[in-house]
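Protein chains get the first letters and strands the later ones, always in sequence-line order, with residue 1 at the start of each. Being a predicted model, the structure only gives us computed values, none of them experimental.
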There are 2 protein chains.
Amino acid sequence: MAKSSQFSIAIHVLAMLAKNCDERMKSEYIAKSVNTNPVVIRRLLGNLYEANLVVSQTGVCGGTCLTQKPEDITLLDIYRAVSSSEVFALHPQMPNQNCFIGKNIQKVLEELQDKVDSAIEEKLLRITLADVLKSVEKEANSPK
Amino acid sequence: MAKSSQFSIAIHVLAMLAKNCDERMKSEYIAKSVNTNPVVIRRLLGNLYEANLVVSQTGVCGGTCLTQKPEDITLLDIYRAVSSSEVFALHPQMPNQNCFIGKNIQKVLEELQDKVDSAIEEKLLRITLADVLKSVEKEANSPK
DNA sequence: CATAACTGTAACAAGTTTAGTTACAAATTA
DNA sequence: TAATTTGTAACTAAACTTGTTACAGTTATG
C-alpha cells in the first residue's frame, strides 16, 4: 500500500456514511470529522464512486451515500478503491543484467509481492464495513 | 512498509552475499549489480548491520559478509531491518473528538494495522534467504 | 611507515508523493 | 433566479526517497 492515509480516511468516511445510511452526507460535514479540507474528502469520494461504493448528488441538499449495505462492503473493496501501489517497491533502476542475481531477482521479487499482497487481501476480505462499525461502537462503550 | 524499494534492494544485496558466503563483498561491486551508488548500498548495509545480519570491515580487502547462514535469515528479519513504517498510515490530523466516529475510529484503525502487519509477518517469517536463492536459481534455469 | 583501498557518515540536490488550499464551472433545489 | 453543493483543475508546502560529493577513519601491504 503506502505511507498514504487514504485507506484510513476512506474507512472513516465510509463508517460515517454507514452509520447514517438513509440520508446524504455533505463533504463539509465529513471533513469536519476527519479534520481536513472538504476537497480532500471529495477527491477521496471520487475514488470510492469509481469503485461503486458511494454515489453523490450535486446541488442543494446534495451529498453522498453508500450504494451497498455495510455488511456487503469489505475492507478489500475499500483498499482496492484507494490504494495506488504495492506494499513494497521494486528496484528504482533495472538491476545489472550481467549479474546472476541482478538478472533473476526481479521475477522473484514480483512473486514475493504477489504473496504478500495475497496475505493482506485475504485478511481484508474477511472484514466488512459493518464489522468496523461494530468495533467503533464497542470502543465507544469500553471503559477508558 | 512503503513506496520505498529498500526491502527489495536488501533482498538483492543479501542474496548476493548469500551466494558468496566465504568472501567479503565490496559496496562498489554490489552497487554495480543493483545499479546504484555505493553509498546507497553502504547506508542499507548499515541498517542490516544494526539488525545483526551482516558485518563489514573497513580498509584494504574490506567488505561485507553475512553473520548467519542463509537458511537462518528470514524475510521478516530483513523486513524489520529496513522497513520504517506501517503498511498504511493513520490520520495525518487527529480526527474530531466531538464526532462519534472521529473519537473512536483511531483505536479501530490501529487494531486493523496490527492485524494486517501480522498477516504480512506470518508470510515473511516462512521464507528464508536460502529460499530466495533457490527461487533465483530456479528462475535462472527456467526457459525464457 | 607510507600509501592505496575500503567503509561510515554527513550534507546536499533533485524528483516524487501527499495533503491542503483556492477558485470556479456544473448541477440541483426551491 | 438565487443559494447550495459536488467535481475538478491548479497551485503550494512539507515530507520522503534516491542519488551524489566529500571526507574522516580504518586496514592491508610493499
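- Comparing B:Met25 and A:Arg24 by the nucleotide of DNA chain C that holds the closest heavy atom to each, the one mapping nearer the 5' end is B:Met25.
- One can place NZ of A:Lys26 at 15 Å from P of D:dG7, the figure rounded to the nearest angstrom.
- One interatomic measurement links the two molecules: CG of A:Leu45 to P of D:dT8, which rounds to 12 Å at whole-angstrom precision.
- Between B:Gln6 and B:Leu44, the closest side-chain pair of non-hydrogen atoms falls below 4.5 Å.
- Which of D:dG19, C:dT21, D:dG7 sits closest to the side chain of A:Val39 comes down to C:dT21.
- Within 4.0 Å (heavy atoms only), B:Gly63 reaches sugar-phosphate atoms of the nucleic acid but no base atom.
- We find that CD1 of A:Ile41 is positioned 12 Å from P of C:dT21, with the value rounded to whole Å.
- Clustering ILVMFWY residues whenever any of their side-chain heavy atoms sit less than 4.5 angstrom apart, transitively, puts A:Tyr29 in the very cluster that holds A:Ile9.
- Residues A:Arg80 and A:Glu121 are paired through a salt bridge, judged by an N-O separation under 4.0 Å between the basic side chain and the carboxylate.
- Minimum atom distance to the side chain of B:Ser56 is reached by C:dG8, of the listed D:dG7, D:dT18, C:dG8.
- Rounded to whole Å, atom C1' of C:dG8 lies 14 Å from atom CG of B:Leu48.
- Comparing D:dT27, D:dG7, C:dG20 against the side chain of B:Gln57 picks out D:dT27 as the nearest.
- Checked by distance alone, B:Arg43 brings a side-chain donor or acceptor within 3.5 Å of a matching partner on the base of D:dT20.
- Aromatic ring pairs are classed by plane angle as parallel below 30°, tilted from 30° to 60° and perpendicular above 60°; the pair B:His91 and A:His12 is tilted.
- Taking side-chain N and O atoms only, A:Thr58 has no distance below 4.0 Å to OP1 or OP2 of D:dT4.
- Among the nucleotides D:dT6, C:dG8, D:dT27, the one closest to any side-chain atom of B:Arg42 is C:dG8.
- One atom, CG of B:Leu44, and another, P of C:dT7, lie 13 Å apart when rounded to the nearest Å.
- At whole-Å resolution of the value, CD1 in A:Ile30 and P in D:dG7 are 11 Å apart.
- The hydrophobic cluster containing B:Leu53 does not contain B:Val40, counting ILVMFWY residues as joined when their side-chain heavy atoms lie under 4.5 angstrom apart, directly or transitively.
- Comparing B:Val60 and A:Thr36 by the nucleotide of DNA chain C that holds the closest heavy atom to each, the one mapping nearer the 5' end is B:Val60.
- Regarding contacts with the backbone of C:dC6, every side-chain N or O of B:Ser27 stays at 4.0 angstrom or more from both OP1 and OP2.
- Counting only heavy atoms from C-beta on, B:Gln93 has its side chain closest to C:dG20 among C:dG20, C:dA5, D:dT18.
- The CG-P distance, from A:Asn37 to C:dT18, rounds to 18 Å in whole Å.
- Between the P atom of C:dA27 and the OH atom of A:Tyr49 lies a distance of 13 Å, rounded to the nearest Å.
- Contact annotation: B:Ser5 does not reach the phosphate of D:dT17 (side-chain N/O to OP1 or OP2, under 4.0 Å).
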